[in-house]
Each structure stands twice: as structure tokens, then as C-alpha cells.
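Please read the structure below before turning to the comments.
What you see is a predicted model, and the numbers here were worked out from it, not measured in a lab.
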Amino acid sequence: MNKKLIAAAVAAAVAGPTLMSAASADVSVYGALYPRLAISDGDVTLEDAGSRFGFKSSTDMGNGNTVSGVIEVGFSTSTAGTIGGTSRKGNISYSGDWGSATIGGTGSIMAAAIKSCVAGGQSCNQVGYQGRVASSLTLSGDLGGLNLDLQTLFDGTDGVASWAVATSVDFGSLGIGAAYRDDGTDQFTNVGASTTLAGVYVGVEMGDSSDGTDSWGV
């Protein structure tokens with residue numbers, strides 16, 4: 001029997017129960033609109049700053065485990081249409097008391113750990129910054145209040161295209177994070193911290209690359 005047919009049959013057998021469970025789960029719709037007026041040298045442009053809509057669902061698999069999925073599409077408020085080729089989210093996640101495993105397009109653990117600028121609604125454009133990643137496997141867990149994340153990317157070539165490890169910890173309102181990524185050519189290290197002072201969000205972060213480039217933002 002053809003190996004491809006065997007693989008397809010196995011995949012169908014494994015996916016069948018999960019798809020049936022997902023079909024019975026509640027699906028929620030979410031979204032956000034971010035229109036922006038940009039003025040430069042007297043020219044006014046209506047731009048979009050990351051609008052999106054999506055669908056997400058989860059189902060209880062028993063024993064404290066949950067399977068969830070999300071499909072997210074980029075949307076432009078200036079053109080009133082979807083944005084082709086936009087790297088948004090599209091993944092399946094299996095989670096429990098042990099942590100979680102996510103397959104597909106999702107948020108970068110670099111941004112999740114170094115959340116000072118991202119959580120503040122800004123972009124510090126740090127060296128090696130990633131907002132989202134595609135074709136990834138992400139493993140997350142917690143060790144005594146310390147968040148640990150490992151992310152690998154696969155692009156169809158031999159082995160892993162790139163990998164990253166990140167950690168973060170919160171001390172009350174103070175959050176501290178660090179991350180390291182190796183994309184096969186360069187290595188990036190990022191650290192950051194954030195807090196809220198008198199109702200004002202403050203974040204600072206720094207980045208460094210193996211090619212000698214560094215950066216910082218506040």
C-alpha cells in the first residue's frame with residue numbers, strides 16, 4: 001500500500017475524534033480595529049495599525065487537559081479588506097497543568113518574554129525582535145513562578161530553521177524577561193523590564209546581536 005495513503009489514513013484516524021470534539025465546542029469571534037492618521041511633510045494618509053479579526057474555540061479533553069484552536073486574519077481599515085500574506089495566528093494548542101504545546105502560526109516567545117514595549121502598545125524595534133512566527137512548535141511551562149518557553153521553526157529544509165528560548169518572572173507589578181534566539185546565521189539576546197508607576201506604564205528593553213549590533217528602547 002502506498003506510504004502516502006497509509007500516512008493519510010493514520011492522520012484521519014487521529015484527527016477524527018479531535019475534529020468531532022472541536023465541532024461540538026463553542027466558537028467565539030473576536031477582533032480589533034486600529035485606524036491611524038499619519039501626517040508627514042504635510043501629507044495625510046489613512047493607515048492601518050494592525051487590525052484583525054478571528055475565530056477561536058476550545059474543548060475539554062478530560063483530566064485537566066484542553067484542546068484549543070485559533071484562526072486570525074489581518075484586516076485593513078484603510079482598504080476595507082483582508083491583508084494577503086499577513087502573518088497572523090493560525091494554530092492548535094494542547095494544554096494542561098503541565099503546560100502547553102502549540103503548533104502553527106502564533107506569537108513569538110521573544111515578544112511574550114520581552115513584553116515591555118509590546119504590552120505598552122509600542123514597538124521599540126529591538127535587534128532580533130519578532131512579533132509572530134509561522135510553521136512553529138512552541139512548548140511552555142511554569143517552574144515555581146518562572147515562565148519557561150521553547151520555540152522551534154521549521155521551513156521545509158533539513159532540521160530546525162531556528163530556535164528560541166525565553167523566560168520571564170513577575171514581582172508584583174514589576175515584570176522581567178529575557179530571551180535568546182538562533183536563526184542559523186545570527187544569534188540575538190533581548191532583556192526587558194516593565195512596571196506601572198502612578199497609573200503610567202513604563203517599559204525598557206535592550207537587544208544584542210552576534211553581528212555586533214545592539215539597541216535599546218524605553
Side-chain angles (χ1 to χ4, degrees), residues 22-23 25-59 66-95 100-138 140 147 149 151 153-155 161-162 164 166 168 175 177 179 181 183 188 190 192 194-196 199-205 207 215 217-218:
D26 292 331
V27 177
S28 60
V29 182
Y30 67 95
L33 298 177
Y34 296 108
R36 176 174 62 188
L37 277 177
I39 303 175
S40 177
D41 295 328
D43 297 327
V44 181
T45 305
L46 176 61
E47 301 177 343
D48 186 86
S51 299
R52 80 292 303 266
F53 67 89
F55 307 88
K56 56 185 177 181
S57 179
S58 65
T59 184
T66 301
V67 171
S68 58
V70 60
I71 299 174
E72 188 176 270
V73 179
F75 181 86
S76 172
T77 52
S78 68
T79 63
T82 56
I83 303 175
T86 300
S87 178
R88 302 294 325 179
K89 296 179 180 178
N91 59 67
I92 295 177
S93 182
Y94 190 72
S95 60
S100 65
T102 303
I103 299 175
T106 187
S108 168
I109 62 173
M110 302 286 286
I114 314 303
K115 54 191 176 183
S116 56
C117 285
V118 176
Q122 304 295 321
S123 174
C124 287
N125 295 318
Q126 295 300 296
V127 171
Y129 170 80
Q130 282 184 313
R132 291 177 297 275
V133 294
S135 305
S136 67
L137 169 63
T138 305
S140 301
N147 298 315
D149 302 286
Q151 194 166 64
L153 276 62
F154 306 91
D155 62 358
S162 68
S168 62
R181 177 165 61 93
D183 65 5
F188 306 95
N190 298 87
S194 61
T195 189
T196 300
V200 178
Y201 182 90
V202 180
V204 60
E205 61 187 61
S215 59
V218 61

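With 3.5 Å as the limit, one finds a donor-acceptor pair spanning the side chains of Asp149 and Ser140. Counted by atom type alone, Thr77 and Asp48 present one or more donor-acceptor pairs between their side chains at under 3.5 Å. Side-chain contact check for Ser95 and Ser100: no donor-acceptor pair (N or O, by modelled atom type) lies under 3.5 Å.
Salt-bridge check for Lys89 with Glu72: failed, with every basic side-chain N at 4.0 Å or more from each acidic carboxylate O.
A donor-acceptor pair under 3.5 Å links the side-chain atoms of Ser76 to the main chain of Ser78, judged by distance alone. Of the possible polar contacts, none joining the Ser58 side chain to the Val67 backbone as a donor-acceptor pair under 3.5 Å is found. The backbone N or O of Gln151 sits nowhere less than 3.5 Å from a side-chain atom of Thr138 that would complete a donor-acceptor pair.
Side-chain contact between Val70 and Tyr30 is present, with at least one heavy-atom pair separated by less than 4.5 Å. Side-chain contact between Asn91 and Ile103 is absent, with no heavy-atom pair separated by less than 4.5 Å. No side-chain heavy atom of Thr66 sits less than 4.5 Å from a side-chain heavy atom of Tyr94.
Heavy atoms only, all atoms of each residue included: Thr106 and Ser136 are closest at CG2-OG, 3.7 Å. Contact detail for Asp183 and Ser162: the closest heavy-atom pair is CA-CB, 3.4 Å.
Partners of Val29 by side chain to side chain contact (heavy atoms under 4.5 Å, CB included), not counting sequence neighbours, listed by chain and number: Phe55.
The structure places CZ of Arg36 at 5.0 Å from CD of Glu47, a figure rounded to the nearest 0.5 Å.
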